[in-house]
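Below, read A as the first sequence line, B as the second, and so on, with proteins coming before strands; counting in each chain starts at 1.
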Amino acid sequence: MSRSSESDPLRPGDHIDAPESPARQPGDPKLGLGGWARFLWRQLTSMRTAIVLLLLLAIAAVPGSLVPQRSSDPNGVIQVRADNPELVWLYDALSLHDVYSSPWFSAIYILLFTSLVGCVIPRLAHHWKAMRALPPRTPARLSRLVGFQSVPGGASDLDRADRVLRRLGYRTTRYGDSVSAERGYLRETGNLVFHISMLALLLVVGLGSGFGYSGQRLLVEGSGFANALSSYDSFTAGQWFDDGALEPFAVELDGLDVVYETENPNAVGAPLDFTARVSATEDGVQREGRIKVNEPLRVAGADLYLISNGYAPRISVRDASGRVVYDQYTPFLAQDDNMTSLGVIKLPDGLEEQLGLRGFFYPTVGQLETGALTSVYPDVVNPVLSLQAFTGDLGLDAGIPRSVYALDTDTMTQIAGGESGVDALTIAPGQTLDIPGGLGTITFEDVRRYGVIEVHVDHTQTPVLWIVIVLFLSLLGSLLIPRRRMWVKATPAGLELAGLARGDDPALERAVDDLAKRVQEGWPGADAAAGGAHAGDALADARDDRERRIVP
Amino acid sequence: MTLAELDSLSLLLVYSAMAVYTLAFIAYAVDVARRSAAKAPVERQLVGAGAPVDDAPGPAPVALPGRGARVGFVLTVLAWALHVAGDVLRGLAAGRVPWANMYEFALTGVAVIVGVFVVSRVWRDLNFLGVFITGLATVFLGVATVNFYVAPTPLPPALQSYWLVIHVFVATLATGFFALGSGLSILQLLKERRDSGFLRSLPSAVQLEDLAYRVGVIGFIAWTFTLIAGAIWAEHAWGRYWGWDTKEVWTFVIWVIYAGYIHARATRGWRGSRSAWLQLIGFAAVLFNFTVVNLFFKGLHAYSGL
Ligand code: HEM
């Protein structure tokens, strides 16, 4: 392995380019407490440790793709726990639903980043000095190096060689009858910047996300909300979030336009476009805007996304005397690609008994072979509602929070649909049916779409983007800039040239050839022209002398 | 011509490409057999990066490609032309870039792998990888047409973004380089284990390793870009740049494995076969991500189109 010199980047002891030194072993009797600490630190900041920790990190990330995570798939978590009650203790003990914030995952990346800091700091200091150091002495025998060749010339050509090298971006110095040159310091700079930007990324993401929040709100066409905690159906925020900091704005969903494929026989009914037309009010000024799936709308520093959609039939219920006891757009949840949608209506008051309705909305109704209804197309062509009805205790008084989309029928009596012996209440828009038992009537008034709007505020976005740009550019520099040395030496036999790679450098030989050509021909081209070559050389040399005096 | 006819034509071209890839594979295999039988050429050592500098430098000692290899290469180029034509027609039939479901990912991905192989010929004779590349192309296209084919459908709104063009294409490009790098790493490992027969005609294990590393590094750069572009797209589409969705997890896992590979190459005791294994593990993760994760894992990236 090549000897390393002062201008070489400082690398961990087990780096392939680092000088091999017999490290002191912990068994060494002379190793005191400080010795032990140094030994452990060297272990932690070694390349080997970095590899092992990186591989551990890769392995540790995998379980999070196998077990649903609270952060990305909360419904999946509930499902898995319900399906495997005997494993719940294991999920909890190993934080399998929060892998990426679990103690074991955190331990790995904290160790990795500690190692990174320990690795980078000494290299920073060293690189700072190395950037000022002179290229290393010319080896006694160039013939052992890469691209070695001898071309006609002598000591008088060294100035030109020096100049050519500097034009090519090398830092040069003279040792006796030779020029020593080195380039590619930016490779190490890139490497250091790359590793530091990863640290910066971790810190900014970790700290910055603590100030953001996101909330979801379902809006039926024609309705709106103002940005306040109480407006949200669900809301999550970072640990330092302060609800006084909610951006002041209001949004109304004017309409939700959905386009479905109608031509392509392989994709009839596939959605082609979702566009939410909204009016946003900010600082008392209202403006129109739109939100599409890949086009969030920015309002007062918050980003608004359209994350799902569905149908909300307007259903009204009258009691036996004809008094309206319920009249609302009620959101139904889509169950399949043709928007067969499931919904629940609860009427705890107003009728003689508590009434629960549960059933499906079919935007374009069709019939399965079994006779069951289904939707055959996702747009509203032939809409039908089909509801089962239950009377009894809705369980709303027990103080237990109940999902608005679930109906607990354990203590209720079914009076329409299912096994009740009475047909389900199947109605089209504008139709009215009697509710069995003389409770009253139900009317399907009309249907609108709803959209679920997510409001997202994350102050880390812009800094993270910048860090990532720096990270990528420095990675390019670190991997693609060749770091190499070149020597041109005047000997009685002619000029000898050779190079030495520092790190991976596929083009070194070609670079030496190229240098040989340039040194022979002079560079740039003018003085290579036939006839004028010597005069040109002299001129160039004179110019070069001046340059050398200015640039020591 | 109707769009459906365009698509049938595309499929026809892809089938033809598969047939010609198979022929190319046979030609390359014959060449390998010939090389195994031939006497070993004189070994010369190339001084690569970090290699010992004691020996006189020289050009890569690639055995002159025999007729089999030349025929193989011509057939590969022909098959590739058919393949690319089929891919372009598929895009025309669908009215968008041809990488929006698994069939199309596979179609374009294999075209990129072979393309990198064909184009790299300009600066390096990689004919010794011919068997690996044409074999891979035949098998992958076979699996894609038989198991993944779906008629072209319009893009769902979630995919309607210029990021589809950038992010997914660069990911496919990265996959192409990873595939090539893995082929080289496999040869390196074989060569280290047993340097006889056909293996004797290959460049030295150190040269194979250097080449595998360079190709892998380009793949890694492309993958890093994929990761970043994906995060930016996720930000536009879902309101967060990173959410540990299954596909995000696997993109990260692959990235970290390759970072480990790059470190291993620079670590005493890890350069050589150990780092080669890491490159293979990385590529295995890429394939796993493309197949098993797409088909069986639940997540937001549910675009396998199957
Ligand atoms: C967060 C974990 C890390 C990641 C993702 C990572 C990633 C990378 C990547 C992609 C490279 C190649 C590009 C370049 O040269 O800049 C690299 C190189 C390098 N890394 Fe890291 N690194 C990590 C941690 C570390 C640690 C802890 C150390 C110290 C032990 C370290 C030391 C090095 C060195 C010395 C190189 C240069 C290798 C060479 O000479 O080619 N890295 N790292």
Side-chain angles (χ1 to χ4, degrees), chain A residues 2 14-18 20 47-48 50-51 54-55 57-58 61-62 64-66 68-69 71-73 76 99-100 144-148 205 214 261 264 266-267 270-274 292-296 303 305 307 454 456 458 461 464-465 468 472 475-476 479 500-501 503-506 509, chain B residues 3 47-50 52-54 57 150-158 160-161 163 210 213-214 217 220-221 224-225 228 231-233 235-246 249-250 252-253 256-257 259-260 262-271 278 285 293 297-300:
Chain A
S2 45
D14 57 345
H15 189 280
I16 200 114
D17 285 341
E20 213 154 344
M47 295 292 284
R48 223 174 321 119
I51 300 174
L54 280 168
L55 296 182
L57 188 68
V62 172
S65 70
L66 300 169
Q69 298 296 295
S71 56
S72 56
D73 184 12
V99 164
Y100 305 103
R144 295 168 64 85
L145 301 179
V146 179
F148 172 76
V205 171
S214 70
E261 173 69 42
N264 186 329
N266 304 307
L272 296 181
D273 184 57
F274 300 105
K292 293 168 74 104
V293 173
N294 272 303
E295 285 174 37
D303 287 315
Y305 300 83
I307 59 171
E454 177 161 305
H456 197 90
D458 179 356
Q461 278 170 17
V464 163
L465 183 64
V468 160
F472 188 69
L475 178 73
L476 286 183
L479 289 173
L500 179 66
D504 187 66
D505 186 356
E509 255 187 272
Chain B
L3 294 184
V47 177
V53 287
D54 315 346
V150 287
T153 52
L155 281 184
Q160 292 167 15
S161 165
W163 286 108
D210 283 351
Y213 176 71
R214 274 162 215 155
V217 156
F220 180 75
I221 292 173
T224 309
F225 182 85
I228 295 171
I232 296 175
W233 187 7
E235 215 279 319
H236 282 268
W238 302 319
R240 84 289 182 296
Y241 49 79
W242 197 261
W244 296 108
D245 176 62
T246 41
V249 170
W250 278 91
F252 173 80
V253 166
V256 172
I257 295 176
I262 290 177
H263 279 198
R265 264 277 306 187
T267 304
R268 206 176 290 136
W270 281 73
R271 182 170 277 200
L278 280 185
V293 175
F297 286 32
K298 182 171 170 242
L300 289 168

Please determine whether side chain to side chain contact (heavy atoms under 4.5 Å, CB included) holds for the pair A:V205 and B:W242, giving the CA-CA distance in whole Å, both sets of side-chain angles, and the decisive distance to 0.1 Å.
CA-CA 10 Å; A:V205 171; B:W242 197 261; over 6 Å; no
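With a 4.5 Å cut-off on non-hydrogen atoms, A:L272 touches chain B through its backbone and its side chain both. For B:F225, the parts lying under 4.5 angstrom from a heavy atom of chain A are both the backbone and the side chain. For chain A, the nearby parts of B:I221 are the backbone and the side chain; heavy atoms of each come within less than 4.5 Å. Residue contact with chain B, scored on non-hydrogen atoms closer than 4.5 Å, is absent for A:V99. For chain A, the nearby parts of B:W244 are the backbone and the side chain; heavy atoms of each come within less than 4.5 Å.
In the model, A:N294 has no side-chain atom that pairs as donor or acceptor with a side-chain atom of B:W163 under 3.5 Å. For B:W250 and A:S65, the side-chain atoms include at least one donor-acceptor pair closer than 3.5 Å.
One finds the CG atom of B:L278 at 7.0 Å from the CD1 atom of A:I51 (value rounded to the nearest 0.5 Å). How far CZ of B:R214 is from CG of A:L479: 13.0 Å, rounded to the nearest 0.5 Å. The CG atom of A:L66 sits 9.5 Å away from the OG1 atom of B:T246 when rounded to the nearest 0.5 Å. One finds the NE2 atom of B:H263 at 10.5 Å from the CG atom of A:L55 (value rounded to the nearest 0.5 Å). Note that CD of B:E235 is 4.0 Å distant from OH of A:Y305, once rounded to the nearest 0.5 Å. A distance of 6.5 Å separates OG1 in B:T267 from NE2 in A:H15, rounded to the nearest 0.5 Å.
Between B:V256 and A:L54, the shortest heavy-atom contact is CG1-O, 3.0 Å. Between A:E261 and B:P154, the shortest heavy-atom distance links the atoms OE1-CG, 3.3 Å. Looking at every heavy atom in both residues, A:P271 comes nearest to B:P157 through O-CD, 3.3 Å.
Side-chain atoms of B:R268 never come within 3.5 Å of backbone atoms of A:D14 as a donor-acceptor pair (strictly under, hydrogens ignored). B:Y241 places no side-chain N or O within donor-acceptor distance of the main-chain N or O of A:L465, the cut-off being under 3.5 Å. Proximity of a side-chain donor or acceptor of A:D458 to a complementary backbone N or O of B:R240 within less than 3.5 Å is not detected.
Highest contact tally toward chain A, considering only B:A231, B:A285, B:G269, B:S161, is held by B:S161 [criterion: heavy-atom pairs under 4.5 Å].
With a 4.5 Å cut-off on side-chain heavy atoms, B:I228 and A:F472 count as touching.
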